[in-house]
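Here is the structure we will look at, set down as structure tokens.
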Amino acid sequence: MKRSVRPLFSILLLIVFAITLSCRILIRRRGGGFSSSELETIVIVQPPIPVFNSTLLKYAAIDIGEAQAKQEIEHLLEGNFASQARYRTFASWRRFNHHDTRASSSRGIPVMLRSPQFYRYWLDFRRVLHDWARAKRYQADIMNELISLVKNPLDGQKGSVGSNSKYSSCAVVGNSGILLKKDYGDLIDSHEIVIRLNNARTGRYQQHVGSKTNISFVNSNILHLCARRIGCFCHPYGANVPIVMYVCQPVHFLDYTICNSSHRAPLIVTDPRFDIMCARIVKYYSLKRFVEETGKSYDEWSSAHDGSMFHYSSGFQAVMLALGICDKVSVFGFGKSTLAKHHYHTNQKGELKLHDYEAEYDFYHDLSHTPRAIPFISDKFQFPPVVIYQ
């Protein structure tokens with residue numbers, strides 16, 4: 001009985017082999033499937049897992065000004081504005097912003113309590129600042145939350161229901177003077193979403209920078225300047241264009257508290273987890289460039305770049321934002337030339353020392369060529385295709 005099983009098993013093997021061979025021949029005749037060489041090509045295309053310098057990552061993760069920032073936040077929550085220049089007391093802030101000229105005390109909070117309206121502002125300020133400070137930590141997968149944190153609130157203004165879909169294409173328009181050498185206006189306006197920086201003017205420059213604006217991205221210093229005006233006017237692109245802002249100084253939440261109530265369009269503050277990720281990435285590239293160019297140690301970077309004041313540019317964070325909410329990203333006006341102005345719309349000559357633009361350019365190179373070489377971002381995040389227009 002055992003011997004009779006072997007011939008039957010052999011016959012079954014022959015049948016399976018014949019069916020497999022027939023299917024392969026049929027597929028080749030119809031032009032489908034992949035050859036062995038094609039399969040090898042697919043395997044080779046898989047991106048390698050990046051290996052990061054652990055020491056470099058450790059130094060990039062250190063926030064030199066963290067202790068000072070925490071102390072500053074504690075003072076602000078207590079109503080102590082003594083170290084904040086114009087904001088020495090809450091009452092002086094009210095006078096400065098044209099909201100209450102009757103304040104007579106220099107101690108701030110007691111006078112402010114006489115006004116129910118400003119008492120509400122004070123409570124809102126403390127709540128927003130407290131929540132922002134508590135959320136301030138590093139989170140590797142924050143990029144995957146930008147749709148719910150930014151895109152859905154923006155779409156809600158238009159009556160759209162929030163979804164996990166991204167914008168089909170986004171143009172991030174920087175302010176470099178190199179834009180005046182190109183006529184990118186129509187190309188920029190062809191994107192679904194156009195993001196502009198720090199209220200840069202478009203009038204008289206439409207041929208070079210376009211005229212369409214869907215998101216105004218600013219730092220809180222810009223909002224602070226806007227808050228000097230009656231009604232916190234900060235709408236060069238129209239009152240219905242939403243503003244996304246990152247906070248440079250915690251005291252600027254005073255401006256946000258007042259201005260947010262007067263803005264028709266959303267005024268969204270970037271999540272502090274997102275801010276911290278951006279800070280670490282820029283510092284990583286700055287440290288890397290510093291060591292490679294000078295041969296000095298990581299410990300010497302801080303004195304060369306004023307570590308406690310070092311910060312990323314508004315343009316860098318706007319690009320990071322676009323990566324999280326757009327299927328395709330185009331970047332315009334990022335770069336410099338000895339023959340071009342620093343900003344296309346101003347006569348500013350030099351760069352701000354608290355930014356390391358060369359390090360940010362290294363980031364943009366990796367972003368468009370080898371995005372997996374960018375640290376601190378979760379492997380679960382899928383980078384969209386990025387084109388840098390020079």
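- A side-chain donor-acceptor contact under 3.5 Å links D356 to the backbone of A359.
- One side chain, N198 or S314, offers a donor N or O that lies under 3.5 Å from an acceptor on the other.
- Taken as a pair, C170 and C326 meet the criterion of an SG-SG distance shorter than 2.5 angstrom.
- Separation of the H235 and Y237 ring centroids does not fall under the 6.0 Å cut-off.
- Relative ring orientation between H369 and H365 is described as parallel, the plane-to-plane angle staying below 30° on a 0-90° scale split at 30° and 60°.
- Of the residues listed (L267, I243, I222), the one engaging S216 in a side chain to side chain contact (heavy atoms under 4.5 Å, CB included) is I243, and it is the only one.
- Annotation: cation-pi geometry not satisfied between K182 and Y389 (NZ/CZ under 6.0 angstrom from ring centroid, within 45° of ring axis).
- Counting heavy-atom neighbours within 6.0 Å of D327 CG, excluding the residue itself, gives a total above 12.
- Within a 6.0 Å sphere centred on CD of Q68, other residues, nucleotides and ligands contribute 12 heavy atoms or fewer.
- Under the 3.5 Å distance criterion, with hydrogens and angles disregarded, no donor-acceptor pair is assigned to the side chains of S176 and H343.
- Annotation: F381 is in aromatic contact with F383 [ring centroid separation under 6.0 Å].
- For H208 and F332, the ring centers sit 6.0 Å or farther from each other.
- Checked against the 6.0 Å centroid criterion, the rings of W301 and Y59 do not qualify as a close aromatic pair.
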Enumerate donor-acceptor pairs with a distance under 3.5 Å from any side-chain N or O in residues 270-279 to protein atoms, sequence neighbours excluded.
from: T270; atom 1: OG1; to: D275; atom 2: OD1; distance (Å): 2.8
from: D271; atom 1: OD1; to: R273; atom 2: N; distance (Å): 2.8
from: D271; atom 1: OD1; to: R273; atom 2: NE; distance (Å): 2.9
from: D271; atom 1: OD2; to: R273; atom 2: NH2; distance (Å): 3.0
from: R273; atom 1: NH1; to: Q139; atom 2: OE1; distance (Å): 2.7
from: R273; atom 1: NH2; to: E145; atom 2: OE1; distance (Å): 3.3
from: D275; atom 1: OD1; to: Q317; atom 2: NE2; distance (Å): 2.8

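- Proximity of a side-chain donor or acceptor of E78 to a complementary backbone N or O of H75 within less than 3.5 Å is not detected.
- Ring centroid separation for the pair F290 and Y298 does not come in under the 6.0 Å cut-off.
- Nearest heavy-atom pair across V173 and F334 is C-CE1, 4.2 Å.
- Listed for the S313 side chain is a donor-acceptor partner under 3.5 Å among the backbone atoms of F316.
- No continuous path of ILVMFWY side-chain contacts below 4.5 Å connects V269 to V241, so the two sit in separate hydrophobic clusters.
- For the cysteine pair C259 and C226, the distance separating the two SG atoms is not below 2.5 Å.
- Under a cut-off of 6.0 angstrom, the local environment of NZ in K288 is sparse, with at most 12 non-hydrogen atoms contributed by other residues, nucleotides or ligands.
- The pair R134-D131 fails the salt-bridge criterion, with no side-chain N (NZ, NE, NH1 or NH2) lying under 4.0 Å from an Asp/Glu carboxylate O.
- In terms of heavy-atom proximity, D155 sits nearest to K151 at OD2-NZ, 2.6 Å.
- Classified by interplanar angle (parallel below 30°, tilted 30° to 60°, perpendicular above 60°), the ring pair H224/H252 is parallel.
- Across all their heavy atoms, I147 and P153 have their closest contact at O-CD, 4.3 Å.
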